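I have placed the structure first, in the form of structure tokens, so that the comments after it can refer back to it.
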Amino acid sequence: FWAFALPALALAAGVGLDAVTNALRSSAARRLLPLTACALLAAELAPKSFEWTPVASQTDLPKSSQFLRDEPTVRGVLVLPLFGDHRETERMWLASFHGKPIANGYSGFLPASYRAFQERFDPFPVSDDLHDLRRLGLSHLEVHWDLFEASTRRTAFDRISAAERAGVLKVVFEEEPVVIYVLPDD
């Protein structure tokens, strides 16, 4: 789209700049305006530095992602805690390697259904909600204990402990600080 729109936009800007320049009475101002426009354009188009972040490659996948990749019973995963911002992109990247669907995601737009999902299941679902996650097509929870805020870590731990005692959740992978649980069958 931009390949067609940009030349038209540049032409319109040039025609407008020409008209404004011709309307100026001072010859110095007529020479200065195009130079100022060029300087502003150069500043806008100047290369900008980016803060690059190293990400995992297929050869250095976290062990939790290797487990998800190799475990045939995994149908879908919810990674906790939920962030609902750019931090979800790393989880999306890892999902491209283990190949299992995840409930997490980020695109800059959060639909109301995702916000409701986040409010209901964050910091951790209560036991009754675990069956609903299974009905949504999820089979496993991947919990990153080190990423919970201190204010919600205790609540999440209490809910997981209650679900484990009730026999609703079972640990299938554990390597500090990540624990993967299998959700109950319906």
Side-chain angles (χ1 to χ4, degrees), residues 47-186:
K48 311 224 179 359
S49 63
F50 292 99
E51 185 177 325
W52 294 97
T53 303
V55 294
S57 69
Q58 194 159 9
T59 57
D60 62 346
L61 275 180
K63 286 192 168 88
S64 58
S65 292
Q66 292 174 29
F67 170 83
L68 293 171
R69 177 193 63 207
D70 298 337
E71 178 57 43
T73 63
V74 177
R75 293 194 326 261
V77 182
L78 173 61
V79 185
L80 294 171
L82 290 167
F83 294 122
D85 59 24
H86 65 89
R87 293 174 288 181
E88 298 287 357
T89 55
E90 182 179 0
R91 295 161 176 189
M92 294 164 61
W93 174 254
L94 291 172
S96 71
F97 292 118
H98 63 63
K100 307 299 168 84
I102 61 171
N104 308 67
Y106 176 71
S107 69
F109 170 72
L110 295 176
S113 60
Y114 183 82
R115 286 193 295 271
F117 181 88
Q118 187 176 22
E119 287 173 17
R120 182 174 177 194
F121 299 119
D122 194 35
F124 193 85
V126 294
S127 291
D128 294 341
D129 291 335
L130 295 174
H131 292 284
D132 290 342
L133 288 173
R134 184 60 109 156
R135 283 189 281 280
L136 289 172
L138 303 175
S139 60
H140 289 73
L141 298 176
E142 181 179 345
V143 180
H144 293 256
W145 287 107
D146 59 326
L147 300 179
F148 278 95
E149 294 179 12
S151 60
T152 59
R153 187 177 296 127
R154 185 79 215 159
T155 301
F157 181 79
D158 291 344
R159 289 180 181 176
I160 286 176
S161 297
E164 284 182 297
R165 282 192 307 275
V168 178
L169 277 183
K170 180 179 143 196
V171 174
V172 291
F173 173 89
E174 186 170 7
E175 183 177 272
E176 290 290 330
V178 179
V179 180
I180 298 178
Y181 299 89
V182 66
L183 289 166
D185 283 321
D186 283 333

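All figures in this text were calculated on a predicted structure; none of them were measured in a lab.
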**Prompt:** When rounded to the nearest 0.5 angstrom, what distance separates NE2 in His144 from CZ in Phe83?
**Reply:** 8.5 Å
**Request:** Under the salt bridge (Lys or Arg N to Asp or Glu O under 4.0 Å) rule, collect the residues that match up with Arg87, sequence neighbours excluded.
**Result:** Asp85
**Request:** Could you tell me whether the side chain of Leu78 reaches within less than 4.5 Å of the side chain of Phe117, counting heavy atoms only?
**Result:** yes
**Fill in**
Nearest heavy-atom approach of Arg134 to Ser139 is NH1-CB, 3.2 Å
**Prompt:** Between CD of Gln66 and NZ of Lys63, what distance do you get to the nearest 0.5 Å?
**Reply:** 6.5 Å
**Message:** Please enumerate all residues that pass side chain to side chain donor-acceptor pair (under 3.5 Å) together with Asp60, with sequence neighbours excluded.
**Reply:** Ser57
**Item:** Partner set under salt bridge (Lys or Arg N to Asp or Glu O under 4.0 Å) for Arg120, not counting sequence neighbours
**Value:** Asp129, Asp132
**Asked** Yes or no on side chain to side chain contact (heavy atoms under 4.5 Å, CB included) for Thr155 and Phe148, after CA distance, side-chain angles and deciding distance?
**Response** CA-CA 10 Å; Thr155 301; Phe148 278 95; over 6 Å; no
**Message:** Test of understanding: with side-chain contact (heavy atoms from CB on, under 4.5 Å), list the residues that count as partners of Glu149, not counting sequence neighbours.
**Reply:** Ser151, Thr152
Please set out all donor-acceptor pairs under 3.5 angstrom arising from side-chain atoms of residues 90-104, sequence neighbours excluded.
from   : atom 1 : to     : atom 2 : distance (Å)
Arg91  : NH1    : Val79  : O      : 3.4
Arg91  : NH1    : Pro81  : O      : 2.6
Arg91  : NH1    : Glu88  : OE1    : 3.3
Arg91  : NH2    : Pro81  : O      : 3.0
Trp93  : NE1    : Ala56  : O      : 2.6
Ser96  : OG     : Trp93  : O      : 2.5
His98  : ND1    : Lys100 : N      : 3.1
Lys100 : NZ     : Leu68  : O      : 2.9
Lys100 : NZ     : Glu71  : O      : 2.8
Asn104 : OD1    : Val79  : N      : 2.9
Asn104 : ND2    : Val79  : O      : 2.7
Asn104 : ND2    : Glu88  : OE1    : 3.1

Show the atom names and distances, to 0.1 Å, of all donor-acceptor pairs under 3.5 Å that link a side chain in residues 159-183 to residues at least two apart or in another chain.
from   : atom 1 : to     : atom 2 : distance (Å)
Arg159 : NH1    : Phe124 : O      : 2.5
Ser161 : OG     : Phe157 : O      : 2.9

